Amino acid sequence: MTNAPMTVPSTVPRASATVEIVWLRVPEDVNVAAASHALLSPSERDRADRFAFVRDRTRYIVGRAGLRRLLSERLGVPADAIAFEATSY
């Protein structure tokens, strides 16, 4: 792990000295998951489809879409425009 500072694009306002903690209650309602499915990227949809249990798939879809909505609100960009990158860490 490196201690290199994280770079933030100049178009994103820098955070203040406060920390925000958000609790997202993820309902296990398949109808909510169906409505949230469209916000996911193709790779997120692929991952969701690999869950063996409907309960786990629903939690993943609703949780990931909730994260996208939250970041969209905070960053002022469309939820489907947010890209996540998975690394080996």
Side-chain angles (χ1 to χ4, degrees):
M1 185 170 174
T2 65
N3 290 328
M6 184 176 83
T7 59
V8 178
S10 61
T11 57
V12 177
R14 300 221 181 246
S16 66
T18 61
V19 173
E20 180 179 8
I21 299 173
V22 178
W23 178 275
L24 175 65
R25 184 172 297 273
V26 179
E28 294 182 19
D29 183 345
V30 292
N31 295 320
V32 174
S36 298
H37 195 264
L39 286 178
L40 303 184
S41 70
S43 64
E44 289 170 321
R45 288 185 200 125
D46 289 344
R47 182 173 179 191
D49 292 341
R50 290 193 304 266
F51 282 96
F53 300 105
V54 173
R55 175 196 68 226
D56 297 332
R57 184 178 314 116
T58 300
R59 287 179 181 165
Y60 175 78
I61 292 170
V62 174
R64 200 65 174 199
L67 175 60
R68 286 181 167 279
R69 287 183 185 107
L70 178 69
L71 290 172
S72 170
E73 179 185 307
R74 299 303 189 271
L75 298 173
V77 298
D80 59 359
I82 296 170
F84 296 103
E85 183 178 328
T87 67
S88 59
Y89 298 101

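All of these numbers come straight from a predicted model, not from anything done at the bench. Side chains are part of it too, since the values below use all heavy atoms of this structure and drop only hydrogens, waters and symmetry mates.
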task = Check whether any side-chain heavy atom of Ser36 lies under 4.5 Å from a side-chain heavy atom of Arg69, and answer yes or no.
result = yes
task = Enter the distance from Ile82:CD1 to Leu39:CG here, rounded to the nearest 0.5 Å.
result = 9.5 Å
query = Out of curiosity, does Ile61 fall in the hydrophobic cluster containing Phe84 (side-chain heavy atoms, cut-off under 4.5 Å, transitive links)?
reply = no
query = With sequence neighbours left out, which residue pairs that include part of residues 45-61 fulfil the side-chain hydrogen bond (donor to acceptor under 3.5 Å, both in side chains) condition?
reply = Glu28-Arg59
Sidechain-backbone polar pair: Arg64 side chain, Leu40 backbone, donor-acceptor under 3.5 Å = no
inquiry  = With a 4.5 Å cut-off on side-chain heavy-atom distances among I, L, V, M, F, W and Y, is there a chain of contacts connecting Val77 to Leu71?
reply    = yes
inquiry  = Test question: given the 4.5 Å side-chain rule for I, L, V, M, F, W and Y, name all other residues clustered with Val22, or answer none.
reply    = Leu70
query = What distance do Asp80 atom CG and Ser72 atom OG have between them, rounded to the nearest 0.5 Å?
reply = 8.5 Å
